[in-house]
Amino acid sequence: MARSKEAVSGQGTQLSQTDASASAATFGRRGALEVRLAQTPEEIDAAQALRYHVFYEEMSATPDPTALATRRDMDRFDDICDHLLVIDHKLAEGWEGDGVPPQAVVGCYRLLRQEVADAHGGFYTAGEYDIEPLLARARKEGLRFLELGRSCVLPAYRNKPTVELLWHGIGHYIAMHGLDVMFGCASFETTDPDELALPLSYLYHEFLTPDEWYVRALDDQYVEMNRMTREEIDLRGALRALPPMIKGYIRAGCYIGDGAVVDSQFGTTDVLILFPVSRINDRYFTKFANK
């Protein structure tokens, strides 16, 4: 989901706030594929290299000088986040170094818990959306938020088994830390919202955050999503126009924030995903964790 625009040097990247014993645990395995948290700085570096390949080489993100020189997608959040990895152990055969070889990391997510964000300057999403009312509610009601970001998977692994492993890992992480709400930004691969009139209008009319969860894009970045009336929407066409990740989220029970945001650096139009854990559809629950 969320992508940060501020790239900095990766020197000194450290494992995040999760304790060492939890970091070492595997969350699940399907054949040669395993989902778990990064255990070494080298594995975090492999995730950054994967992100660079997907965002800058495959997609249309524009690298700054640091990203171009290092061929890494990095920012200040990497040092404080947990990094969820999908590892293909077939690609690690014969490896004798620490952790796994970089080429074995085929998918990743970046996870930022609220208490960690509060201690280190806040969430990335606050740069695009006014999330303070949500955080105020969280503090009042004792809710704990998790920001999902920097999700990417190599093309050959963009299939149901890999995506379900990632979701399964997130589910175990939620249970491990007693988290209540997931959120972050998901993207369409265009910077022209007019091209997205159908899917944006569909998300606005069908999945807009209700009053108790309402969140809106910042005024200076707000892009209207209500571009067609509900009656004008072709449901099948709208579903076909949704990226697979967004489609999976709405089928599982998420809400969508009010207003899209154009991210010129990454060549995308972003929408906010808000996902109270209590709303996870039973059909999808086992993809996150066991009840």
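For Ala217 against Val261, the heavy-atom pair with the smallest separation is CB-CG2, 3.8 Å. Annotation for Met225 and Gly259: closest pair SD-N, 3.4 Å, computed over non-hydrogen atoms. Taking each heavy atom of Thr269 and Asp192 in turn, the nearest pair found is OG1-N, 4.3 Å. Closest of all the heavy-atom pairs between Leu91 and Ala104 is CB-CA, 3.9 Å. The two residues Pro193 and Leu200 come nearest to each other via the heavy atoms O-CD1, 4.2 Å. Residue Arg36 comes nearest to Thr26 through the heavy atom pair CB-CA, 3.9 Å, listed as atom of the first residue, atom of the second, then distance.
Hydrophobic clustering (ILVMFWY, side-chain heavy atoms < 4.5 Å, transitive): Leu218 and Ile273 are in distinct clusters. Hydrophobic clustering (ILVMFWY, side-chain heavy atoms < 4.5 Å, transitive): Leu154 and Trp95 are in distinct clusters.
Once rounded to the nearest 0.5 Å, the distance linking CG of Leu198 with CZ of Arg236 reads 14.0 Å. In this structure, CE in Met176 is found 6.0 Å from CG in Leu37, a value given to the nearest 0.5 Å. Considering CG of Asp270 and OG1 of Thr191, their distance stands at 11.0 Å, rounded to 0.5 Å. Annotation: the span from Glu147 atom CD to Cys185 atom SG amounts to 7.5 Å, rounded to 0.5 Å. Atom CG of Leu85 is separated from atom CG of Leu50 by 9.0 Å, given to the nearest 0.5 angstrom. Annotation: the span from Thr190 atom OG1 to Glu195 atom CD amounts to 3.5 Å, rounded to 0.5 Å.
Residues passing the side-chain contact (heavy atoms from CB on, under 4.5 Å) test with Pro155, sequence neighbours excluded: Glu58, Arg158. Legend: residues meeting side-chain contact (heavy atoms from CB on, under 4.5 Å) with Arg216, ordered by chain and number and at least two apart, are Tyr214, Asp219, Tyr222, Asp258. Every residue meeting the ring pair (Phe, Tyr, Trp, His ring centres under 6.0 Å) condition with Tyr52, not counting sequence neighbours, appears here in chain and number order: Tyr56. Listed by chain and residue number, Arg72 satisfy the side-chain contact (heavy atoms from CB on, under 4.5 Å) test with Ala49 (two or more places apart in sequence, or in another chain). Among residues two or more places apart in sequence or in another chain, the side-chain hydrogen bond (donor to acceptor under 3.5 Å, both in side chains) test is passed with Arg227 by Asp194. In this structure Gln103 satisfies the side-chain hydrogen bond (donor to acceptor under 3.5 Å, both in side chains) test with no other residue, sequence neighbours excluded. With sequence neighbours excluded, the residues forming a side-chain hydrogen bond (donor to acceptor under 3.5 Å, both in side chains) with Asn226 are His205, listed by chain and number. The ring pair (Phe, Tyr, Trp, His ring centres under 6.0 Å) test applied to Phe207 returns Tyr202, not counting sequence neighbours. In terms of the side-chain hydrogen bond (donor to acceptor under 3.5 Å, both in side chains) criterion, residue partners of Asn159 (sequence neighbours excluded) are, by chain and number, Thr162. By the side-chain contact (heavy atoms from CB on, under 4.5 Å) test, Ala46 pairs with Pro102, Val105, sequence neighbours left out.
Inter-residue side-chain proximity for Cys81 and Leu111 is flagged as unmet; no heavy-atom pair is nearer than 4.5 Å. In this structure, Glu128 and Asp263 have side chains that are in contact, with non-hydrogen atoms separated by less than 4.5 Å. Residues Leu146 and Tyr173 have side chains in contact (heavy-atom distance under 4.5 Å, counting atoms from C-beta outward). Using a 4.5 Å heavy-atom cutoff, the side chains of Leu203 and Leu242 are in contact. The shortest side-chain heavy-atom distance between Arg30 and Glu164 falls under the 4.5 Å cut-off. Taking 4.5 Å as the limit, some side-chain heavy atom of Val54 sits within range of a side-chain heavy atom of Met59. Put simply, the side chain of Phe188 reaches to within 4.5 Å of the side chain of Ile246, judged on heavy atoms. Within the 4.5 Å cutoff, the side chain of Val277 has heavy atoms near those of the Ile174 side chain.
Remark: Asp220 CG is packed, more than 12 non-hydrogen atoms of other residues, nucleotides or ligands lying under 6.0 Å away.
A donor-acceptor pair is defined here as one N or O able to donate and one able to accept, closer than 3.5 Å; such a pair exists between the side chain of Arg29 and the backbone of Gly31.
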message = Could you go through Phe123 and Gln114, starting from their C-alpha distance and side-chain angles, then the distance that decides it, and tell me whether this counts as side-chain contact (heavy atoms from CB on, under 4.5 Å)?
response = CA-CA 8 Å; Phe123 289 109; Gln114 184 170 352; 3.9 Å; yes
query = Given Arg137 and Trp213, is the side-chain contact (heavy atoms from CB on, under 4.5 Å) satisfied, shown in steps?
reply = CA-CA 9 Å; Arg137 177 185 175 187; Trp213 292 109; 3.2 Å; yes
request  = Show your working on side-chain contact (heavy atoms from CB on, under 4.5 Å) between Glu141 and Asp180 and close with a plain yes or no.
outcome  = CA-CA 11 Å; Glu141 300 182 15; Asp180 302 293; over 6 Å; no
message = Walk me through whether Leu166 and Val153 qualify under side-chain contact (heavy atoms from CB on, under 4.5 Å).
response = CA-CA 10 Å; Leu166 283 169; Val153 177; 3.8 Å; yes
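Residue pairs meeting the salt bridge (charged side-chain N to carboxylate O under 4.0 Å, His left out) criterion with at least one partner in residues 48-57, sequence neighbours excluded, are Arg51-Asp73, Arg51-Asp78, Glu57-Arg71. For residues 135-161, the ring-ring contact (aromatic ring centres under 6.0 Å, His included) pairs, not counting sequence neighbours, are Phe145-Phe183.
Using bins of under 30°, 30° to 60° and over 60° for the plane-to-plane angle, the ring pair Phe27/His172 lands in the parallel bin.
Judged purely by distance below 3.5 Å, without hydrogens or angles, the side chains of Glu43 and His83 never pair a donor atom with an acceptor atom.
For the pair Arg110 and Phe77, the cation-pi test (distance below 6.0 Å, angle within 45°) is failed.
Between Tyr249 and Trp167, the ring centre distance stays below 6.0 Å.
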